[in-house]
Amino acid sequence: MAFDSVFEDKQIHYTYDGSFEGLLCVIHKAVYSRTIPANITSEKGLQLSLNSLYVHVPTEKEKALKVLDAMKKHAGNFGSKRLYYVFLSDAPNKDMIIYKYLMLAFKNGTKINNALSQLTVCEAFKICENVSRETEKFRQFTRFCVMEGGVQYARITPKNEILPILMPFFVNRLRIIPFVIHDLTHDLCAVYDTNKWYITTSEGISPPDFSLGEKAVQRQWKTFFNAISIKERINTELQKQNMPSRYFKDVWSVK
Amino acid sequence: MKGRENVDINEKLKILADSAKYDASCSSSGSERSSFGSFGAPTAAGCCHAFSSDGRCISLLKILYTNYCINDCKYCHNRSSNDIPRATFTPKEIATLCIEFYRRNYIEGLFLSSGIIKSPDYTAERLLETLRLLRYEYKFNGYIHVKAIPGASPELTRALGLLADRMSANIELPSETSLKILAPQKTRESVLSPIRLIKNGIEESRDKTLSLRRAPSFVPAGQSTQMIIGATKENDYQILKLTEGLYKKFSLKRVYFSAYIPVGNHPILPKDISPPLLREHRLYQADWLLRFYGFSASEILSEKNPVLDPLLDPKCNWAMNNLHLFPIEINTAPYEMLLRVPGIGVVCARRIIAARREASLDFEALKKLRVVLKRAAYFITCKGKYMYPVLKTNYDFIYNSLCAGSPMIAEVKRHEQLSLFSSFDSLLPPPAEKITSVTGQF
């Protein structure tokens with residue numbers, strides 16, 4: 001008895017494998033066991049604390065799909081997309097925000113998406129905006145190099161894990177060209193082989209050398225870039241504001 | 001230095017980009033077709049891939065086919081009497097550059113213009129050949145903006161329109177008198193006829209899409225035009241009226257303004273002036289009001305008051321002249337009215353409409369919605385209350401606070417303390433406004 005009461009005082013802290021499906025399974029577990037978790041985190045980089053009871057939830061496909069269906073039904077496509085964006089963010093409390101948001105959605109339906117005066121919804125909205133904005137920046141500023149053999153390679157250092165939302169954009173436009181986008185922050189690689197694309201860890205990835213014409217094209221681009229500016233209207237402050245240097249930190253180019 | 005043969009591609013690029021840079025248009029938005037095969041895709045929202053050191057966006061490979069020109073327009077960098085290096089691309093060179101830049105995500109597509117060589121028809125044929133090569137040989141499906149060549153035959157213009165996403169014909173100067181003085185080879189009619197031609201083409205193509213299953217789309221991203229600001233004497237009211245007319249009569253997508261940069265030394269042109277960038281900025285702000293905020297030109301300016309205020313943006317200015325309409329209540333005001341509040345844009349207005357369906361809003365909630373209240377605070381109430389109880393609503397107070405642009409509360413406090421002793425006219429020296437955006441974006 002005494003042993004049980006020790007556990008009752010403890011707060012439930014769910015952990016999962018770090019995938020979106022894993023998080024959905026945590027929500028499945030929380031809903032069906034009628035527990036309100038104190039925290040949810042990925043097992044990666046977990047810091048243990050004494051007054052929490054850690055429960056690891058295994059990822060099961062059926063459960064994840066069930067929650068996904070419920071999510072689409074109650075939060076709508078718009079809300080589901082927002083939650084997925086939150087999941088891809090680097091916000092420290094994103095898992096709990098998604099959990100709370102979904103609980104609100106199960107209760108109130110899709111109209112919760114507009115209730116921005118609610119703290120949880122407002123936070124999700126802000127994080128989602130942040131992720132979309134960063135994705136947009138990398139749509140603009142990702143730079144490819146053409147490597148030997150014709151494969152294209154780009155390096156990016158985003159704060160959020162934006163590869164899954166960035167890839168369709170480039171797949172749609174490059175179509176007949178295979179390419180790799182290397183996310184240095186999260187050590188991930190998105191690979192497109194002109195047929196399908198997938199994301200893998202970047203272990204053991206070493207890009208081949210530049211193709212023969214690469215240097216020439218980069219020089220041409222620089223020529224164009226310098227020639228197109230109107231000297232009488234120079235406004236480097238505005239340039240910097242529109243093109244913050246952090247997006248170009250790791251752009252790979254010929255020196 | 002006149003043109004040399006066998007200039008290498010870098011040199012050509014330098015010369016022909018340099019000659020093309022005065023075209024303001026660089027938007028890549030408004031098109032989402034996928035009719036030309038397997039490589040490249042336009043995005044409806046457009047995408048800027050870089051920003052040059054003048055702060056303008058680079059979204060398209062903006063180049064001239066050639067900068068040789070038989071015309072001698074006084075305001076133009078490429079006029080035949082100007083002594084500049086000249087070069088001509090081949091269609092293949094342009095196509096290769098475009099593809100190579102595009103696949104590296106440097107650009108969103110091509111902006112192709114040209115000086116007139118031999119004859120307008122010959123020039124248009126060269127452009128057509130370039131577009132044909134890109135679309136059919138390279139199967140390039142990205143964005144292409146091509147200039148209509150004034151004086152070229154309608155068939156050629158139509159053929160170009162079927163391959164391009166956007167076309168534009170510049171009206172160059174805001175009135176016929178100015179044209180007569182500075183561009184003697186051009187007339188109002190010769191400038192407007194390609195615009196009319198493209199407009200008719202777009203309408204025909206729309207009609208066809210209604211009746212045919214597969215109709216080729218003609219200039220799907222619409223047409224734009226450009227005029228030079230500050231080279232001639234037209235005032236802002238005339239320019240805005242003209243702009244409004246162009247939007248209404250020719251259903252243009254954009255009218256670009258380009259601040260005049262001294263490029264010639266003709267006695268009639270203004271000399272040694274710095275480009276009127278603030279004026280250009282104000283005109284763009286007014287242009288936005290015309291297109292997205294439901295304003296008309298005569299609401300923004302009038303015969304009596306024909307110049308845009310350099311201190312206040314046009315929307316603030318309108319609100320100041322219509323103070324009797326304010327304050328408006330955020331929780332009940334219609335969308336059209338929300339849009340007219342200084343500081344509230346399309347995105348914020350939509351957000352407010354959506355959020356107030358769920359709960360009535362106060363200023364805290366507005367902040368959560370990321371509505372910027374710096375300017376809006378003077379013109380709105382939430383649940384019947386102003387943001388600051390001490391807020392005055394008289395003209396002078398608001399005008400001074402808006403011009404000062406410094407944090408609200410400080411203004412209010414300063415004002416409260418000083419108003420006993422001094423008139424506020426002399427209170428706050430308006431700082432020079434920084435230009436925070438330019439031309440071809442979006």
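Just so we're on the same page: letters track the sequence lines, and every chain starts at 1.
- A 6.0 Å sphere centred on NZ of A:Lys72 holds no more than 12 heavy atoms belonging to other residues, nucleotides or ligands.
- Residue B:Leu16 does not touch chain A at all, counting heavy-atom pairs closer than 4.5 Å.
- Of the residues considered (B:Ser19, B:Pro275, B:Ser59, B:Ala50), B:Ala50 shows the highest number of contacts with chain A, using heavy-atom pairs under 4.5 Å.
- With no hydrogens or angles considered, a side-chain donor-acceptor pair links A:Thr223 and B:Asn10 at under 3.5 Å.
- Ring planes of B:Phe101 and A:Phe224: tilted class, angle from 30 to 60°.
- We find the CZ-CG distance between A:Phe169 and B:Asn105 to be 6.0 Å, quoted to the nearest 0.5 Å.
- A 4.5 Å side-chain heavy-atom check between B:Phe51 and A:Asn235 finds every atom pair outside the cut-off.
- Taking chain B as the reference chain and counting heavy-atom pairs below 4.5 Å, the highest number among A:Leu119, A:Asn108, A:Val217 is found for A:Val217.
- Contact of A:Glu129 with chain B is made through the side chain alone, with heavy-atom distances under 4.5 Å.
- Using a 4.5 Å cut-off between heavy atoms, B:Arg370 touches chain A through its side chain atoms alone.
- Environment of OH in B:Tyr335: crowded, with over 12 heavy atoms of neighbouring residues, nucleotides or ligands closer than 6.0 Å.
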Between A:Gln218 and B:Tyr106, is the side-chain contact (heavy atoms from CB on, under 4.5 Å) condition met? List the steps. CA-CA 10 Å; A:Gln218 286 190 17; B:Tyr106 295 159; 3.4 Å; yes

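- In terms of non-hydrogen atom pairs under 4.5 Å with chain A, the most contact-rich of B:Gly40, B:Ala20, B:Ala259 is B:Gly40.
- Summarising the geometry, atom CG belonging to A:Leu116 is positioned 9.5 Å from atom NZ belonging to B:Lys368; distances are rounded to the nearest 0.5 Å.
- Contact count against chain A (heavy-atom pairs under 4.5 Å) is highest for B:Ala41 among B:Gly142, B:Ala359, B:Ala365, B:Ala41.
- The CZ atom of A:Arg233 sits 7.5 Å away from atom OG of B:Ser258, with the distance rounded to the nearest 0.5 Å.
- For B:Thr43, the parts lying near chain A are the backbone and the side chain together; criterion is any non-hydrogen pair under 4.5 Å.
- In this structure, chain B has a heavy atom under 4.5 Å from the side chain of A:Gln152, while its backbone stays farther away.
- Annotation for B:Ala17 and A:Ile228: closest pair O-CD1, 3.7 Å, computed over non-hydrogen atoms.
- Residue B:Ala355 touches chain A through both its backbone and its side chain, counting heavy-atom pairs closer than 4.5 Å.
- Here the closest heavy-atom approach between residue B:Phe39 and residue A:Leu174 is recorded as CD1-O, 3.8 Å.
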Check step by step if side-chain contact (heavy atoms from CB on, under 4.5 Å) holds for A:Glu136 and B:Cys47. CA-CA 8 Å; A:Glu136 184 54 39; B:Cys47 193; 4.2 Å; yes

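- Other residues, nucleotides and ligands contribute more than 12 heavy atoms inside 6.0 Å of the NZ atom of B:Lys21.
- Counting heavy atoms from C-beta on, the side chains of A:Glu214 and B:Arg104 come closer than 4.5 Å.
- Scanning both residues, A:Glu232 and B:Ile261, for their nearest heavy atoms gives CD-CG2, 3.3 Å.
- If you measure heavy-atom distances from A:Phe125 to chain B, the contacts under 4.5 Å come from the side chain alone.
- Dense packing is recorded around NZ of A:Lys137, with more than 12 heavy atoms of other residues, nucleotides or ligands lying under 6.0 Å away.
- Atom SG of residue A:Cys122 and atom NZ of residue B:Lys367 lie 13.0 Å apart, to the nearest 0.5 angstrom.
- Separation of atoms CG (B:Asp8) and CD (A:Gln220) is listed at 8.5 Å; rounding is to 0.5 Å.
- Note that NE2 of B:His49 is 11.0 Å distant from CZ of A:Arg139, once rounded to the nearest 0.5 Å.
- With respect to A:Arg173 and B:Glu108, a salt bridge is recorded, a charged nitrogen being found less than 4.0 Å from a carboxylate O.
- Remark: A:Lys126 NZ is packed, more than 12 non-hydrogen atoms of other residues, nucleotides or ligands lying under 6.0 Å away.
- Contact record, B:Gly55 with A:Asn242: O-ND2, 3.7 Å, taken as the closest heavy-atom pair.
- Crowding of A:Lys231 atom NZ: a count of heavy atoms from other residues, nucleotides or ligands under 6.0 Å exceeding 12.
- Heavy atoms of A:Gln118 lying under 4.5 Å from chain B are absent altogether.
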